[in-house]
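First listed ligand is number 1; within each ligand, the first listed atom is number 1. When a residue number appears, it is its place in the shown sequence, counting from 1.
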Amino acid sequence: MRLSRYFLPVLKENPSEAQIVSHRYMLRAGMIKQSAAGIYSWLPLGFKVLKKIETIVHEEQMRAGHIPMLMPTLQSADLWKESGRYDDYGQEMLRISDRHGRDMLYGPTNEELITDIFRSHVGSYKDLPLTLYHIQWKFRDEIRPRFGVMRGREFYMKDGYNFDLTKEDALHAYNRHLVSYLRSYERMGLQAIPMRADGGPIGGDYTHEFLVLADTGESEVFYDSAVTDLTFGDRAIDYDSVEQCQGVLEEFTSKYARTDETHDEALFNEVPEERRRVARGIEVGQIFYFGTKYSEALGANVQGPDGKQSPVHMGSHGIGVSRLLGAIIEASHDDKGIIWPEGVTPFHCGIVNLKQGDAEADAACESLYDALTAVGLEPLYDDRKERAGGKFATMDLIGLPWRITVGPRGLKNGVVELTSRRSGESEELSPEAAVQKIVEIYANHQTGRGF
Ligand code: ATP
Ligand code: MG
């Protein structure tokens with residue numbers, strides 16, 4: 001993409017309404033624009049990152065054997081009346097009536113809808129196990145929408161639902177989700193720690209929230225610092241293996257890590273004092289096993305091998321896709337702007353032309369642009385007639401992890417400059433070597449072309 005032809009409405013001034021750094025940078029980098037309290041338009045740069053995060057979530061869900069689909073945002077109230085949650089959900093649910101006076105709602109979640117789909121089409125244990133998921137906009141009429149996309153009213157969420165014959169099978173699905181979530185967050189360059197949590201209105205005894213540690217997080221968390229040493233890495237995992245998934249769950253959840261709702265001071269005090277941490281975290285996902293709560297309420301039964309009908313065991317599993325943009329920025333920025341991890345960066349590399357209009361500099365930039373594009377990478381070429389300082393400030397603000405700087409002086413010696421946004425370190429390389437280095441960096445990150 002050439003910056004002169006892109007739509008990147010950056011702001012010079014700090015927007016006064018933004019209280020936390022991620023909100024500030026998302027507005028300043030021209031990623032979002034508020035349309036109403038807690039409701040945003042996603043401008044091109046924000047949309048690009050949103051889609052990258054969404055793609056990682058899709059890839060990791062499908063890798064775990066979960067099946068993508070799409071349910072609508074607007075739902076009829078009937079199913080919610082059947083499950084009993086129409087009244088329970090309270091004012092967070094946006095209720096609408098259509099022209100015929102029928103009660104409708106903008107879905108805050110989809111347990112009812114998916115259970116109805118299941119009961120309409122599945123009747124036998126032979127069709128199980130089954131995990132269906134979608135990534136769709138949700139609406140919750142939050143009392144205090146704030147911090148930009150972090151606590152929106154309209155937000156983008158992956159929600160998945162497993163259907164199993166037995167509790168054991170459903171717990172395997174729970175563990176499988178935990179593993180796939182660990183992989184997803186790591187690919188986004190994030191450490192998200194699974195913590196024992198509270199069931200809330202969805203209910204259930206088994207639930208973990210995934211938290212990204214950040215001072216601006218809304219949850220208070222208590223943990224053994226040893227949990228921050230754990231990484232999933234690129235280990236191979238067989239998602240069908242009960243033992244392997246169970247093993248990962250045990251590894252990642254056996255140390256003390258809890259949100260304030262489930263915090264137990266006496267247990268916490270058993271952690272060696274120098275490893276006890278009290279901090280704040282951003283919830284970026286949650287997994288639940290809730291047994292037969294919805295299947296009983298909505299009559300989702302299957303016939304078992306013994307010919308008997310029984311309600312299916314279910315769980316639901318959510319990832320806050322739009323909130324993740326804020327969480328990643330909270331975890332990765334400096335005073336100049338965002339620092340995108342390679343896995344989610346909107347463009348793989350910036351190209352800054354120090355002397356736009358200089359025939360040699362222009363030709364060198366064009367050829368870098370072509371070489372990167374030819375190998376499937378997306379450069380953002382700042383081809384505007386602007387001062388170098390302004391170009392650097394824009395690149396730093398929007399946070400591309402790598403920048404190639406091209407100027408007549410370097411070209412005389414056959415070199416360009418490759419700079420890491422994270423470390424600030426630069427090296428001089430031939431243009432070919434710079435391209436090669438970028439290619440090698442991204443070879444370790446499964447990263448496709450964005451939108
Ligand atoms: P919270 O406690 O933050 O209100 P929740 O526990 O009600 O969230 P879930 O139903 O578990 O949320 O939804 C799954 C994920 O969706 C959450 O882990 C979070 O990342 C995201 N999410 C929930 N509410 C919002 C919101 N208002 N804005 C953006 N993302 C949200
Ligand atoms: Mg939650």
Out of R144, E154, E283, R146, whose heavy atom is nearest to atom 17 (C) of ligand 1? E283

Taking atom CG as the centre, does D234 end up with more than 12 heavy-atom neighbours from other residues, nucleotides or ligands that are less than 6.0 angstrom away? no

Salt bridge present between E330 and R24 (N-O < 4.0 angstrom): no

Any N/O pair E209/ligand 1 closer than 3.5 Å: no

Check ion pair R235-E251 (N to O, under 4.0 angstrom): yes

Parallel, tilted or perpendicular: which one describes the rings of F210 and Y185, with boundaries at 30° and 60°? tilted

So, are K81 and D87 salt-bridged, with charged N and O less than 4.0 Å apart? no

Heavy-atom gap V284 to ligand 1 smaller than 4.0 Å: yes

What are the atoms of ligand 1, with element, lying closer than 4.0 Å to any heavy atom of G285? 18 (O), 20 (O)

Looking only at non-hydrogen atoms, which of E92, R140, M150 approaches atom 29 (C) of ligand 1 most closely? M150

Angle, OE2 of E283 through the Mg ion (ligand 2) to OE1 of Q286 - 10° precision: 110°

With backbone taken as N, CA, C and O and side chain as the heavy atoms from C-beta onward, which portion of V149 lies under 4.0 Å from ligand 1: side chain, backbone, both, or neither? backbone

For E218, state whether at least one heavy atom is located under 4.0 Å from any atom of ligand 1. no

Pick from Y89, Y106, Y86: which one makes a ring pair (Phe, Tyr, Trp, His ring centres under 6.0 Å) with W80? Y89

Numbered atoms and elements of ligand 1 in range of M157, under 4.0 angstrom, heavy atoms: 13 (O), 14 (C), 16 (O)

As an exercise, state the distance from OG1 of T292 to NE2 of H313, rounded to the nearest 0.5 Å. 6.0 Å

State whether E142 and R153 are salt-bridged, where the test is any N-O pair (Lys NZ or Arg NE/NH1/NH2 against Asp/Glu carboxylate O) under 4.0 Å. no

When you look for heavy atoms under 4.0 Å from ligand 1, do you find them on the side chain of R323, its backbone, both, or neither? side chain

I'd like the name of whichever of F147, F210, F155, F139 reaches closest to atom 22 (N) of ligand 1 through any heavy atom. F155

